[in-house]
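Worth saying up front: this structure is predicted, and the values here are computed from it rather than measured. When reading the values below, keep in mind they use all heavy atoms of this one structure, side chains included, and skip hydrogens, waters and symmetry mates. Residue numbering restarts at 1 for every chain, and letters A, B, ... go by the order of the sequence lines.
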Protein chains: 2
Amino acid sequence: MAPSREPDRPHLNRWVYEQLRDALVTGHFVPGRSITLRGVAEELGVSPMPVREALRQLVAERALEMQGNRRIAVPAMSATRLEELARARSLLEPELAVRALPHVDMARLERLKSLDRAVDAALAQGAAEAYVRANYEFHMGLYRAAPSQVLLPLVESLWLQVGPFLRLIVGRLGTASFVDRHRAALRAIEAGDSDRLREAIAADIADGAAILRAAEVPQGRAA
Amino acid sequence: MAPSREPDRPHLNRWVYEQLRDALVTGHFVPGRSITLRGVAEELGVSPMPVREALRQLVAERALEMQGNRRIAVPAMSATRLEELARARSLLEPELAVRALPHVDMARLERLKSLDRAVDAALAQGAAEAYVRANYEFHMGLYRAAPSQVLLPLVESLWLQVGPFLRLIVGRLGTASFVDRHRAALRAIEAGDSDRLREAIAADIADGAAILRAAEVPQGRAA
DNA sequence: CTCGCCACAATGTGATCACAATATGCTCGT
DNA sequence: ACGAGCATATTGTGATCACATTGTGGCGAG
């Protein structure tokens, strides 16, 4: 996991949470592996207390799962859960993208284009982790433009749930199966075309879901 | 708030969470009022620790809001937030209802009918709290039939957000403005008709949203 | 009388301890 | 040699303490 920066004293809580969140999205946690409170506390060099708070928050966001024995682990993916996640994403994300559209200014558009290039580069190089991270940043970078207090958190929760699994599959299949579907979205944004943006996002989600579905869901206990 | 039962020692955490959750849905917390950690701890007769966990979970579920000064309060409702909540509900709930439909057995159908009667009775008597509670139980009672690990938590989060506000409005407007829209849903369930169920749920949400929208959003600081 | 400053009270957060529940590894019996 | 039973280690949870930060009330200066 390797703490990327020194812990900030003011918001230690937030910092631990972000570390864990980043580790989840980039797939440093493997589905099924159980997470111990004191373990991450020691690894991050903090006391167990802020880890407790962060873990519980992630459990509340369904990014982690508390198993019956009150152990905390990354939820195992199943075919039905994957299908449900794709459905929820396809319901919420196009709507959120459309709401973000009017608030995408030039600076943000440039950042999105840059992230799209990062996605391409990662795909070309077969860099799994760089791909999932850039892909995540692209989508969220767009959505965050929307002044949304409701839809945005819901979508973030969904991404936290797909993250570890996506990373697992990309690492297994390689990046060859994935194509960049962000071009259409970027063009729609530049044109200010809501309908085409909605379709582009929906297509991107359907596309990714199809690949994941084809990739025979692993047990989740696998390494 | 008045603890309805004695605290269970085994899952004190869960118990406190459920107490707060129930208080939220039934509107015992007023939007804008700030919640103090030691306050509820004393009121529930427990140590501040489980309250910390429960409050943070509710914040993660967006049922509560952590203000900049790290005070915790029920989020103030705004017109835009209300609109977003209605939109999110209308996207997710019909889908969830349809997924629940095949799993509604006779026993559950009877419970739903009973809850519907409770809704009617509450409306007739102008019992605001009984109405919001029965309404909540009706919807969730249906949705919980669906074996959903993704959509269901999202929808629960939405209801936790609408709850306090709905209670506020019902208390202000009285129950006269509200009509029972659950009949159509029940008939669709009995007929096993997915499309009509989807429409019934969508209509119920649109209906409620219209009433709330018409009721000029209060400041949220109001008592 | 009003406004600004200051002391005090209260709050959330992090740390540490104690404990019950659970998992793990070993030993002993067959 | 293998499996059941038990002792030990590990884990999450609740409680309590210490502290930095923030909100609040009162006092005094203008």
Side-chain angles (χ1 to χ4, degrees), chain A residues 1 3 5-21 24 29-30 32-76 220-221 223, chain B residues 1 3 5-21 24 29-30 32-76 220-221 223:
Chain A
M1 187 162 23
R5 290 189 302 278
E6 282 308 299
D8 320 2
R9 308 137 278 88
H11 307 300
L12 230 183
N13 206 325
R14 181 74 62 180
W15 181 80
V16 173
Y17 169 74
E18 282 164 6
Q19 294 297 315
L20 290 172
R21 184 192 176 97
L24 273 171
F29 287 133
V30 176
R33 169 102 77 221
S34 80
I35 317 248
T36 77
L37 202 154
R38 289 171 172 89
V40 295
E42 190 174 357
E43 186 160 1
L44 266 61
V46 299
S47 98
M49 189 59 95
V51 180
R52 257 166 89 169
E53 313 269 334
L55 284 182
R56 286 199 84 92
Q57 179 168 353
L58 288 167
V59 169
E61 291 167 333
R62 308 284 159 167
L64 295 177
E65 186 184 51
M66 202 167 72
Q67 307 175 326
N69 36 3
R70 72 181 180 179
R71 277 184 111 105
I72 291 177
V74 179
R221 190 70 52 181
Chain B
M1 185 161 26
R5 291 189 303 276
E6 283 308 299
D8 322 2
R9 310 136 276 91
H11 306 299
L12 231 184
N13 205 325
R14 180 73 62 179
W15 181 79
V16 172
Y17 169 74
E18 282 165 5
Q19 292 299 314
L20 289 172
R21 184 193 176 97
L24 273 170
F29 287 134
V30 176
R33 167 103 77 225
S34 79
I35 317 249
T36 76
L37 203 153
R38 289 171 172 89
V40 295
E42 190 174 358
E43 187 160 1
L44 265 62
V46 299
S47 97
M49 189 57 97
V51 180
R52 258 167 87 168
E53 313 270 335
L55 284 182
R56 288 200 82 92
Q57 179 167 353
L58 288 167
V59 168
E61 292 168 332
R62 308 284 159 169
L64 295 177
E65 186 183 51
M66 201 168 72
Q67 307 175 325
N69 36 3
R70 70 181 179 180
R71 276 183 112 107
I72 291 177
V74 180
R221 190 69 55 180

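- Set against C/dA15, C/dG12, D/dG14, the side chain of A/S47 has C/dA15 as its closest nucleotide.
- With hydrogens and angles ignored, no donor-acceptor pair closer than 3.5 Å exists between the side chain of A/R52 and the base of C/dG14.
- When distances are taken from the side chain of A/T36 to each of D/dT11, D/dG14, C/dT16, the shortest belongs to D/dT11.
- Distance B/M49 CE to C/dT13 P: 12 Å, rounded to the nearest Å.
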Margin query: Go through it in stages, so that I can follow the logic: the residues are A/Q19 and A/E43, the test is side-chain contact (heavy atoms from CB on, under 4.5 Å), and I'd like the CA-CA distance, side-chain angles, deciding distance and then a yes or no.
Written below: CA-CA 11 Å; A/Q19 294 297 315; A/E43 186 160 1; over 6 Å; no
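- Mapping B/G39 and A/P48 onto DNA chain C via the closest heavy atom, the residue that lands nearer the 5' end is B/G39.
- Atoms CD and OG, on A/E42 and A/S47 in that order, are 12.5 Å from each other to the nearest 0.5 Å.
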Donor-acceptor pairs under 3.5 angstrom involving side-chain atoms of residues 55-65 of chain B: please list them, not counting sequence neighbours.
from: B/R56; atom 1: NE; to: A/E53; atom 2: OE1; distance (Å): 3.0
from: B/E61; atom 1: OE1; to: B/Y17; atom 2: OH; distance (Å): 2.9
from: B/E61; atom 1: OE2; to: B/Y17; atom 2: OH; distance (Å): 3.0

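- Summarising the geometry of A/P50 relative to A/L12, their closest heavy-atom pair is CG-CD1, 4.4 Å, with the distance given to 0.1 Å.
- The shortest non-hydrogen separation linking B/A54 to B/N13 is N-OD1, 4.3 Å.
- Distance, A/L37 CG to D/dT10 C1': 12 Å, rounded to whole Å.
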Dump the pairs, protein N or O against N or O of nucleotides 18-23 of chain D, anything under 3.5 Å, distances to one decimal.
from: D/dG23; atom 1: OP1; to: B/N69; atom 2: ND2; distance (Å): 3.0

Next item on the list: May I have the step-by-step check of side-chain contact (heavy atoms from CB on, under 4.5 Å) for B/L44 and B/V16, ending in yes or no?
Entry: CA-CA 8 Å; B/L44 265 62; B/V16 172; 3.9 Å; yes
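- Within residues 55-66 of chain B, no residue places a heavy atom under 4.0 Å from DNA chain D.
- Counting to the nearest Å, the P atom of D/dG14 and the CZ atom of B/R14 are 11 Å from each other.
- In this entry the distance linking CD of A/E53 with C1' of D/dG14 reads 13 Å, nearest Å.
- Residues B/L37 and B/V40 approach most closely at O-CG2, 3.4 Å, considering heavy atoms.
- Between the CD atom of B/E42 and the C1' atom of C/dG12 there is a distance of 17 Å, rounded to whole Å.
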